[in-house]
Protein chains: 2
Amino acid sequence: MTIGLAHAELIAVLSAVTGDEPRVMTVRSGDALPSGPFELGHRSLQAGLREWVGDQTGHPLGYLEQLYTFADRDRTHEDAEGRTISISYLGLVREQAAPGAGKPGWHGWYEYFPWEDHRGGRPEILAAITRRLQDWVASETARREHRQRRVDFAFGLDGAAWNEDLGLQRYELMYEAGLVTEAGCPPAKSFGRSMFADHRRILATGIARLRAKIKYRPVVFELMPESFTLSQLQRTVEALAGLTLHKPNFRRLIDQQELIEETGEATSETGGRPAKLFRYRHAVLEERALSGSKLPLSRN
Amino acid sequence: MTIGLAHAELIAVLSAVTGDEPRVMTVRSGDALPSGPFELGHRSLQAGLREWVGDQTGHPLGYLEQLYTFADRDRTHEDAEGRTISISYLGLVREQAAPGAGKPGWHGWYEYFPWEDHRGGRPEILAAITRRLQDWVASETARREHRQRRVDFAFGLDGAAWNEDLGLQRYELMYEAGLVTEAGCPPAKSFGRSMFADHRRILATGIARLRAKIKYRPVVFELMPESFTLSQLQRTVEALAGLTLHKPNFRRLIDQQELIEETGEATSETGGRPAKLFRYRHAVLEERALSGSKLPLSRN
DNA sequence: CCTTTTATACTCGAAGTGAGTATATCCGGC
DNA sequence: GCCGGATATACTCACTTCGAGTATAAAAGG
């Protein structure tokens, strides 16, 4: 049994939320995600990336999770024999340690995906996108219905509701339909800021994963400072999901999960009535997972 | 920027359900998962694996999804410079095309994880396992409480309910506690059949992923024959989850999802009243994902 | 024909969820 | 000092979902 030889590379989607805006760490003025070789000295992939991020950015990395491994033919390294295998990771950085809005290297998610931010209602750009997608659907003869269903489902058309988790499917549809420059579309007719190679697709993968994850695991707290108000927490979740949430219900949800506790202090920096400060209950909850069982169990 | 050189290998967790028993495709008489080199000629990882599985097993592969990429130091290939990167995949094979219970290569999941099958109630082996885990908890002084919480949570002790999704956590705890031969435990004091290198851990990853997935995506149907009865469907889900389900509620769940339709025929092979046969509604549902939104949305 | 076995259908109460409304406490201006 | 704006916090209600139990239907076999 022979083993294929390949180049191994790590790519990181590092996110933080500052000023109610979700941001991603980039290089080349926002054109690429940070990446580097997988050094042989590392104990594991995870450890390798953690070390490397620490060196490169100076930010301590909280949560870290593997995203996906890509090895498509078009990823072949130019001057080398063999191909490149890219292993991508999602990492979360605390707001405290993260740089401010203006700092270099960090760019807002929605610069690359303006159609994903629904906090101010359905973005206007979606009208133009769905019009172009309809043309693309109409241009197909054989499997037109299938295309139509995919578009309707992903973009919340024809009765379907907008689902914030489907960011990757939306990007992939737009790629297929030739609406992004990465797919060869001229910049004037494309949507959102593009990135080097398939980095924008990897970013979409990271965003989709994080949006799905905040619903069943308490990862938001990896993005929060030590103490925070409930409104701050809600606005952070809203920034990530690209949606506005119902305030009373959000608070009910948070407190029935018993994920946080009052610090005893309050802040009046918010304008109106002072808000109580809370902290995440690290100790108790390291192993917590919402049961979320959708199977009809029987207890015998 | 240099790129690290590495050996690339694909490892597959191929599962089927035959005779109400979940099975995995193995090599070396059940001691290892099938694996092979990542050939340079393939278009992508996915395509590479699909082709390779077809050649090796003769079974057409339905569903295929990437599981995880491993590259720990202990995975280094003996005779080679550099290390091995193992990219693992989860694949589902239809019962029809799958071999019967006796055929070589296929082994039951619960041979490797006897504590994971709760269809006949809590397995007796769990008593011995938790006893040994309690010793392990007690042997720690500093972070004992943390260990205790991890064990209680993963194994459904001290008020916590058994959660079938936590199979990987359970295996990892048992590994840490030295209860499996892969961790150096003598066979007489270990639990479950072991596998080569970290293959059993990869199998646990696949099982956990599949158990979680059946709750929010209709992947079970990838394991069913063209037409099936509701009881058959339920027993397949039960086999995967390692749990018994409440029949009336299972049927209600299935039919409110509108995932299946009657074929018009019935079968009386089941003993009692003849059961209606159903088929999966492929066409309509290729893009379906249960919304499962746990965020308190507001609709403005 | 009656019992056993499996399939299918209906009901009920508890819990969860979406949505709206009411009260509390600060700030700043008059 | 009082009042309106702004934000925080608390409560209520209807509707849906979900776990659990019960009842009826249709076959096979003695």
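Just so it is clear: chains get the letters A, B, ... in the order the sequence lines come, proteins before strands, and each one is counted from 1.
Among residues two or more places apart in sequence or in another chain, the side-chain hydrogen bond (donor to acceptor under 3.5 Å, both in side chains) test is passed with B:Y171 by B:E182. Under the side-chain hydrogen bond (donor to acceptor under 3.5 Å, both in side chains) criterion, A:W109 pairs with A:S15, sequence neighbours left out. Not a single salt bridge (Lys or Arg N to Asp or Glu O under 4.0 Å) links B:R132 to another residue, sequence neighbours left out. Residues passing the salt bridge (Lys or Arg N to Asp or Glu O under 4.0 Å) test with B:E265, sequence neighbours excluded: none. A search for salt bridge (Lys or Arg N to Asp or Glu O under 4.0 Å) contacts involving A:R119 returns A:E21, A:D117, not counting sequence neighbours.
As a whole-Å value, the separation of B:K247 NZ from C:dT11 P is 20 Å. Distance A:R251 CZ to C:dT17 C1': 18 Å, rounded to the nearest Å. Regarding B:L233, its CG atom lies at a distance of 15 Å from the C1' atom of C:dA7, rounded to whole Å. To the nearest angstrom, C1' of D:dA10 lies 12 Å from CZ of A:R252. If you measure from atom CD of A:Q234 to atom C1' of D:dT9, you get 13 Å, rounded to the nearest angstrom. Summarising the geometry, the separation between CG on B:D255 and P on C:dA7 is reported as 16 Å, rounded to the nearest angstrom. Atom NZ of A:K215 is separated from atom P of C:dG16 by 19 Å (rounded to the nearest Å). Atom CD in B:Q256 sits about 11 Å away from atom P in D:dG19, given to the nearest Å.
Among the heavy atoms of the strands lying under 4.0 Å from B:S231 are primed sugar atoms or P, OP1, OP2 only; no base atom is included.
With respect to A:K276 and A:E262, a salt bridge is recorded, a charged nitrogen being found less than 4.0 Å from a carboxylate O.
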Summary of protein contacts for nucleotides 21-30 of chain D, nucleotide by nucleotide, where a base hit scores B, a sugar-phosphate-only hit scores S (4.0 Å, heavy atoms): BB--BBSS--

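Remark: B:K276 is not in phosphate contact with C:dT8, judged by side-chain N or O atoms under 4.0 Å from OP1 or OP2.
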